Amino acid sequence: MKIAQSHHQVAYRLIQASRWTVWAAAALLVQGVQAQSVDAGKKPLRFFDLTQTDVLALPAFEIGDTDVAASAQPDNATDLPEFIQRALDTSPQLQQVRAQLDTAQSGRKIARADLLPSLSLRYATGPERSQTVNQALDEHTYKQNAVRLTQPIFNATLWNEFSGSRQAEASAQYRLQSAYDNVVMSVVRSTVDVATARLVLDFSNIQLAQLQNIMTYLETRVAVGAASPADLERARTRVLNARQVRIEQQAAYRNAALELARLTSLTPQAIRLPDVARFPAIPSSAAQLQTLALEQNPDIRALKSDVEFQEFRIQAEMSKYLPVVGFSLERDVSKNVQGTNGPHTDTRALLVVNWATSLGGKEYFQAEQARSEMRVREAKVTDESQRLTQAIEGDHALLQSAVLRMQTAQQEQASASSVVEAVAEQLRIGRLGSLLDALDASERYFSARQRLAQSIGQNIKAHAQILQRIGQLSAIQP
């Protein structure tokens, strides 16, 4: 009976404990959600929070065990606006788009010149032989001067071509802005990659040093028989793995530095860390971002200008069915025309009407060809608008995830740092509690700091990418 009663009491206590466990878990969940909602309102972390300085030295690391130590903190550091300005000055893609804009501007000026007055001068002289049926051969010197000043009054074709050339110039300007933003975005992305790779490389160096200390401790313990060789080999495996990770980070750092040098033709000794706080603010709503993108994105605006250019082209083809009206001032001075005679002067002010059309329907079919091209461009506007909307959604989600990842990685780093400090204290006094815990603590600390640095870089790049899509990236240009 006592045994049965004890089992009943144990079961009752287990049920009560399970209830308290559920309530405690629910409380922790609510606190976690509240903390996350509070943290979500905080400003995102910066690289400064990791380095405690705005300047990051860039030593020339070699791939392998040989590592060039960082020199003293340099006095001058290259910041993001300097990189952007240098890239804008040297970018070959930007030079090509500028040349295309010059071509469009020249085309507009050519179309405008057709609407302005034109001047024609003609002077002719030379020997002439005139003979009629009842007159003898007359040899004399022929002279004639002619001046024509003409001004189009009504020419719908020329006017539509001029209007279309202005739309072509506007499209070229939007494409120049797009190329401008592409260069700026490339520099921002490259600068962030250099900073991230450089910080992660430092973290890998710290991890390797921590594991080396653990292996040195185990070597001493194995030498006196206080530890097994298996533990030493287990630590050696982690050290070799950390060394491989360090080599990968060295390669990533060098590749990022080479990309930055290719874009800017600069090899800086130090950079000023990019900071999202220096960027313009963006709306928090994805719907607002989509509206701004569809209204201000330079690529979309360029495509819309192409559609308007095509509309004027259709009108220009159809207006060829209309007559052309012009005004002409003429003055002709002739001497010895069709025989020997004195000077003869004719001065005229004329209203000239010309009308010509193709009986085979050439103008109509050219207009149909232009309509087909316009449908292609309209479909392209729709397609690019849908792609842009989807891209904005992705960038907005990436920005939100980066902020949440930074908060989580910061908490993870704090927890892992406490464990690493405890392991360091155990190594100092010569009493390491658990080898696996010590090895895992070092790796987790490195992984947490790596994820934190990458999340900060991802936040900056996602912010800049959204600015580019809504046409506001020029705000961070020099």
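Please read all numbers here as calculations on a predicted model, not as lab measurements. By convention here, the first residue in the shown sequence is residue 1.
Within the 3.5 Å criterion, the main-chain N or O of Ile300 finds a donor-acceptor partner in the side chain of Asn297. Judged by distance alone, with hydrogens and angles left aside, the side-chain atoms of Ser401 form a donor-acceptor pair with the main-chain N or O of Leu398 at under 3.5 Å. A donor-acceptor pair is defined here as one N or O able to donate and one able to accept, closer than 3.5 Å; no such pair exists between the side chain of Asp49 and the backbone of Leu45. Proximity of a side-chain donor or acceptor of Gln250 to a complementary backbone N or O of Leu201 within less than 3.5 Å is not detected. Side-chain N or O atoms of His396 include one that pairs as donor or acceptor with a backbone N or O of Ser284 at under 3.5 Å. Side-chain N or O atoms of Thr196 include one that pairs as donor or acceptor with a backbone N or O of Val192 at under 3.5 Å. Side-chain N or O atoms of Ser118 include none that pairs as donor or acceptor with a backbone N or O of Asp114 at under 3.5 Å. Not one N or O on the side chain of Ser204 forms a donor-acceptor pair closer than 3.5 Å with the backbone of Arg246. A donor-acceptor pair under 3.5 Å links the side-chain atoms of Thr191 to the main chain of Val187, judged by distance alone.
Contact detail for Ser455 and Ala402: the closest heavy-atom pair is O-CB, 3.9 Å. Contact between Pro280 and Gln472 at its shortest, heavy atoms only, is CG-O, 4.3 Å. For the pair Ala242 and Leu208, the tightest heavy-atom approach, listed with the atom from each and the gap, is CB-CD1, 4.0 Å. Contact record, Ile314 with Ala367: CG1-O, 4.1 Å, taken as the closest heavy-atom pair. The two residues Leu176 and Val97 make their nearest non-hydrogen contact at CA-CG1, 3.4 Å. Taking every heavy atom of both residues into account, Ala453 and Phe203 meet most closely at CB-CE1, 4.1 Å.
Partner of Arg272 under the side chain to side chain contact (heavy atoms under 4.5 Å, CB included) criterion, chosen from Thr78, Asp54, Thr53: Asp54.
The distance from atom CG of Leu399 to atom CD1 of Ile282, rounded to the nearest 0.5 Å, is 5.0 Å. To the nearest 0.5 Å, the span separating CG on Leu119 from CD on Gln151 amounts to 12.5 Å. Taking CD from Glu308 and CZ from Arg166, the interatomic distance works out to 11.0 Å, rounded to the nearest 0.5 Å. Here the straight-line distance linking atom CZ of Arg377 with atom OG of Ser171 works out to 8.0 Å at 0.5 Å rounding. Note that CE of Met215 and CZ of Arg234 are 14.5 Å apart. Values are rounded to the nearest 0.5 Å. If you take CD1 on Ile153 and OG1 on Thr150, they are separated by 10.5 Å, rounding to the nearest 0.5 Å.
More than 12 heavy atoms of other residues, nucleotides or ligands lie within 6.0 Å of CZ in Arg236, so this atom counts as buried by the packing criterion. For Gln95, the CD atom sits in a packed shell: over 12 heavy atoms of surrounding residues, nucleotides or ligands are nearer than 6.0 Å. Under a cut-off of 6.0 angstrom, the local environment of CD in Gln212 is crowded, with over 12 non-hydrogen atoms contributed by other residues, nucleotides or ligands.
Looking at heavy atoms from C-beta onward, Glu363 lies out of side-chain contact with Met318 at the 4.5 angstrom threshold. Looking at Arg444 and Val419, their side chains never come closer than 4.5 Å, going by heavy atoms from C-beta outward. For the pair Leu292 and Pro283, the minimum side-chain heavy-atom distance is below 4.5 Å. You'll find the side chain of Gln210 stays beyond 4.5 Å of the side chain of Ile214, heavy atoms only. In this structure, Leu388 and Ser385 have side chains that are not in contact, with every pair of non-hydrogen atoms separated by 4.5 Å or more. Considering only heavy atoms from C-beta on, Pro59 comes within 4.5 Å of Tyr253 through its side chain. A heavy-atom distance below 4.5 Å is found between the side chains of Phe83 and Leu266. Within the 4.5 Å cutoff, no side-chain heavy atoms of Tyr180 are placed close to those of Ser474.
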Assess whether side chain to side chain contact (heavy atoms under 4.5 Å, CB included) is satisfied between Ile392 and Gln288, documenting all intermediate values. CA-CA 10 Å; Ile392 282 290; Gln288 293 178 344; over 6 Å; no
Worked verdict on Ile460 versus Phe47 for side chain to side chain contact (heavy atoms under 4.5 Å, CB included): CA-CA 10 Å; Ile460 297 176; Phe47 283 123; 3.6 Å; yes
Verdict with reasoning, Met406 to Gln458, per side chain to side chain contact (heavy atoms under 4.5 Å, CB included): CA-CA 10 Å; Met406 281 189 291; Gln458 176 184 334; over 6 Å; no
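Checking Asn255 against Glu259 by side-chain atom types alone, no donor-acceptor pair falls below 3.5 Å. Judged by distance alone, the side chains of Gln177 and Arg301 never bring a donor and an acceptor atom under 3.5 Å apart. Under the 3.5 Å distance criterion, with hydrogens and angles disregarded, a donor-acceptor pair is assigned to the side chains of Ser228 and Asp231. Defined by atom type and a distance below 3.5 Å, a donor-acceptor pair is present between the side-chain atoms of Gln468 and Gln465. A donor-acceptor contact closer than 3.5 angstrom links the side chains of Ser372 and Arg375.
For residues 380-408, every residue pair satisfying the salt bridge (Lys or Arg N to Asp or Glu O under 4.0 Å) rule, not counting sequence neighbours, is listed here: Asp383-Arg387, Asp395-Arg469.
For the pair Arg175 and Asp306, the salt-bridge criterion is met [side-chain N within less than 4.0 Å of a carboxylate O]. Using a 4.0 Å cut-off between a side-chain N of Lys or Arg and a carboxylate O of Asp or Glu, Arg371 and Glu368 qualify as a salt bridge. Between Asp202 and Arg198, at least one side-chain N (NZ, or NE/NH1/NH2) sits under 4.0 Å from a carboxylate O, which counts as a salt bridge.
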